[in-house]
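See structure below.
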Amino acid sequence: MDLFDIVTQQIANSLILGSFYALVALGYSMVYGIIKLLNFAHGDIYMVGAFIGFTALSLLVGFLGDGWLGISASLILSMIATGFLGVGIQRLAYRPLLSAPRLSILITAMGVSLLLFNTVMAATIGEYKAFETGLGFEGLDFGNIHISYTQIVLVLATALLMVALTLFINKTIYGKAMRAISIDMDACRLMGIDVNKVIALTFFVGSALAAAAGVMAGVYYGSIHFFMGFIIGLKAFTAAVFGGIGIIPGAMLGGLLLGTLESFGTQLSWIGTEWKDVFSFGLLILILVFKPNGLMGRTEIERM
Amino acid sequence: MAANDGSGAAVARRTGLAGVEDRLAAFFDDRRHRYAVFAALILAGLLVPRVGSNYTLEILTNSFLYIVLCLGLNIIVGYAGLLDLGFAAFFAVGAYSTGILTSTFGWNFWLAIPPALLFTVIVRVIIGAPTLRLRSDYLAIVTLGAGEMIRIIARNMKDLTGGASGLIGIQRPSLFGLELNQISHYYYIFLALAVLAVFASDRLEHSRLGRAWKYVRDDEDAAEAMGIDRVAVKLSAYIIGALFAGLAGCFYAAKMTAISPETFQFMQSIMILVAVVLGGMGKIAGMVVGAMAMVLFPEVFREIGSMRMLVFGLILIVMMIFRPQGIWPDRRH
Amino acid sequence: MKKIGLVFAAAALATCLAAGAALADIKVGIMVPTTGSEATYGKDMENAVKMAMDEINAKGGVLGQKFITTTADDGCDPQMATAAASKLTSEDVTAVVGGYCSGATLPTLKIYADAGIPFVITAANSSKFSDMNPGNAFLVNAIGSFQVETAVELFKKQGVKKLAIVHQGDGYSEDLASLTQKKWKELGNEVVAYELVNKGEQDQSALVTRLKSKNPDMVFWTAYYADGGLLIKQLRQGGYKGKITVGDGSTDAKLIQIGGKATEGVYALANPLPEFLTTGQKFIADYKAKFKTDPGPYSALTYDGMLLLADAIKRAGAVDRKAIIAALKKTDKFPGLSGPVTFTDKNLLANSNFVVLQVKDGKWSLVK
Amino acid sequence: MAILEVKDLTLRFGGLEVIDTLSFDVEEGGIVSLIGPNGAGKTSVFNCLTGFYRANAGDIRFRNESIMSLKPHKITARGMARTFQNLRLFKQMTVIENVKSGMHCRTREGALGALLRSAGQRREEAEIERVAEECLAFVGILEHKDRLARNLPYGDQRRVEWARALATRPKLLLFDEPAAGLNYDEKERLIDLIRRIREELSITIFLIEHDMGLVMKVSEKVVVIDYGKKIAEGGCAEVQSNPKVIEAYLGKEDEDGN
């Protein structure tokens, strides 16, 4: 492989990885934007989404096959089911705490995370599940570079979801309500906006996106397990802050950038796989120190 | 806690319990009562090795360790209001420094403590200082990232830290010619550390510095307008909190004789934080209760095996909904 | 006040348990992870001990006494492991069988040594045990250096020039990786990449590209099957055409299930898995009948460990810990399922029991 | 002699000039008011003076020393204290603990003293306690000292803030709308208090106030700003008759009604 091949291949890699980060980061960012909660359980929602998709596919495989048709159907099923799961969690665990100190709700989120994580662990006896599909490695070859059709479809699907989300946020009445609530919840209450409903909707959309990422990851990597949400949760959280938490395009940018950083961090010999996490966290800290509101965050008035 | 109207209502609903709680709180408001109970607890603690098995001692030693860690984090989160998700890192620095100095460089354990604490402070300042101007949520992710970085560095610097397998064969110290190699020795050491940590926390809380931490926690701008250097005050909370963890780490290394990066993972930081919040932030007695609950819970429920963390998650959620201020919160009238 | 109550409750519980051990029984402690990410392996091992125990008890036990067991969860975590070890010593067990994660097992050696309890370690095999062993621990599993020898033999036979090693940043896989690297370099060969994959991280495409750019003849994965399956799949997906070998932690049917077609032709180093042992078929059948599931990679070794312990007690002629340790030391070619057991002066397995397997038609098969 | 000199102070938010080349002096020992319609930039001036905003241009000299680049706590340490327009008490703390915060910059004991409970530390704690009680007595709420600050009636919470500012032992005291939300009686007592602070403690006073009655009663000099620019300066009568001020304020006075 020459340098050009390596760079091109790593760009392709970062697009995939970045897409997953971005989809999960969106959920973090939306929830944070609206109720200022760092939803620790979000990584586990991604994991549960993958398991729901897995279950759905194993049920549907007899009718729709294990190709794209079956996968799409289980993806949509999982998005809906996980979306409702997110709403349920919000309703039972977070809503009673909306006016409580911020740390309490954060601890609740950790509790939810432990609950989801351990429930799935108990249900699967800690085993890895092979996510078997009918997709092969076929794809496009450019010399030494190989990009599979699966990869192309996944990146396109992510892009589609993001465009849909952007349209939803900017064009629909609910999207506008979400943005309004993130600016001033009390004013929105006075204006007659059903704040609880909009918050629930935010959780639905955020969780559905995470589920989409979970199912896609299952399809792409071919195996799922109960702690798959932990690392990606951490990374997506980083990505969301990276781009400016609470800002939708920021989460997308943050995800893609973090994916790129990691891919190239892995490739650079002076960083390598052992140090790549130190590299990405270190960079995150530097960015926050010099640009405290993330890459796309608004800068506030300079204070001494 | 301006916003705990919900919890106040929840307390009011359970008037029976709340009555008991009020009477208990009134009882503990009296300084003499507090000291009497504390003395009785210490006495009971001193007597346990006569009746308890090694297992009991091991578990209690673990909970004393957690008390020290919780009190340290309480200074940062409870008093100064800085959310720290990477606290285990300083525990790690203390443990590794001691381990490396004693096993690789052959230092005496007791002589290794001051440099170990110094390293803890240096690392804390390097990580803490640039982040102090950040908003609390960002602080959370930065401390999380920094904590992970420390662990990965410990894992990767193989020649110094033993890599992923960790440091093995750390020498056990001796005290006045007595080699500290029994669990009961460490039981007493960690009991003493916990008592010391309680005393130190109490004195700090009711001092000029302790008040300054709380001013900054309650309202940074007002504190600054009152002539308080918020950066210096926060940094001091960071450093003193980290010192608790560093010191605990020194003795932890001696007790375990083997340390590995796994002990200092993100989950460890989270567990300490959960113990702090569960116990009741900003309250010393709450830290003792929280730490005990945290260590004893999984042991008492060993029988339910893998389900226990599930139950633990549930308890956290229910607890936060019905009593977000913790088991033994800071009650002000 | 609540906490004092809890403390006393815990103390009372421990004392009760200790007192409950009837004198006529020999109590064996099982220390394995039954919670956390390694819980499956722990369960396999616990089952194996119980199976061996039942068989011995059915034949009338040892020295007229029957075995009973008690399990302590080490959670694969050093802190939990020391608590588990103290729990077992408090319960006054005669001996302990188990030990899965090296990192969690190492700090417990001192606790068992202080109590004079013989400890038969049946899975953990970090090379650090040879320095740390206080004399009461016995490794039934061959330590990493034996595996490295088998690995290097295999690489030489396959004509490997450029080797890439990937581990997972835990004690076991790093130990194996660094020992292999050292040995391979000593032989004057080239290690073109020495990499790490975080446990549970699914995307390894960046690493795959990095590995491909170094052009190795062989990729050696030293960690467990779960992430190993992913790596193999992504290596093949990314167009890597060279050979692949995995260490004993990956030798599991699940590797093939997760990695799918990509695992075809992959080599593996393994402890003797029951399915390739002449005596093993009966073991598998019995195990399946008893526990309704397949035995795990360390089941046979753990089964051997328990039988060995019973044999040692018989040879010692008394349920006395010192005598049992002495008898264990004198073990000479004990006929285990996985081969004869003899210990070195450091109480490590004297002879390597590693074999080489290869995936053929979606199944493990013995090479040569 | 002027204790505070402001020269050509300019502050921009984005492209907007919130304060525009503003210059004025506050004489030592005087009571000076800064007035202007809503949004004129009064609080921004305070924030610049106390170091909370960094001005873009100009100079602020306090006791013959430029304080333009100083952080807020340093400015307080030099003898300028402030209160806030919206109450900014430490809500989880008692009244006396609130007031003790003012003494922070006048004391020095640190962690070691606290841990060892040294003689110096105990002496200093006693001194902090004494001054805090003195300040509470001065504003007349000593009897509430052990109550939680947030449980006090609004008027008393204001007084906690004043006591807190006094505890920093200032030379110049900045009041940001001290009369906001007070009833008639409380306003009368405020006027009395402002005078007593000046007479008994010889502290110079600079205040922002909407209540023209109060301003006219206590001030010796008034500075009027609108859109960040100074439009008038001088004695009460002089300012009241200034046509520019009338124009800026027209309608505003009707609204206030007193």
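This one's a predicted model, so the numbers in the text were calculated from it and none came from an experiment. Numbered from 1 within each chain, the chains take letters A, B, ... in sequence-line order.
For A/Phe230, no part lies under 4.5 angstrom from a heavy atom of chain C. When heavy atoms are compared at a cutoff of 4.5 Å, C/Lys43 does not approach chain A at all. For A/Lys129, no part sits under 4.5 Å from any heavy atom of chain C, backbone or side chain. Only the backbone of A/Leu268 comes within contact range of chain C, with heavy atoms under 4.5 Å apart. For C/Gln234, the part lying near chain A is the side chain, with the backbone staying farther off; criterion is any non-hydrogen pair under 4.5 Å. For a residue to count as touching a neighbouring chain, one of its non-hydrogen atoms must lie under 4.5 Å from one of that chain's; by this rule A/Phe117 does not touch chain C. With a 4.5 angstrom heavy-atom cutoff, A/Leu17 touches chain C via backbone and side-chain atoms both.
Counting non-hydrogen atoms of neighbouring residues, nucleotides and ligands closer than 6.0 angstrom, the NZ atom of C/Lys183 reaches no more than 12 such neighbours.
Note on ring orientation: taking the six-membered ring where Trp is involved, the planes of C/His167 and C/Tyr194 are tilted (angle from 30° to 60°).
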Step by step, would you call A/Met79 with A/Leu161 a side-chain contact (heavy atoms from CB on, under 4.5 Å)? CA-CA 12 Å; A/Met79 282 177 76; A/Leu161 282 171; 3.9 Å; yes

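Taking the six-membered ring for Trp, A/Tyr221 and A/Phe20 have ring centres closer than 6.0 Å. Checked against the 6.0 Å centroid threshold, C/Tyr287 and C/Tyr303 do not count as a close aromatic pair.
Across C/Trp364 and C/Val246, no two heavy atoms sit closer than the pair CH2-CG2, 4.4 Å.
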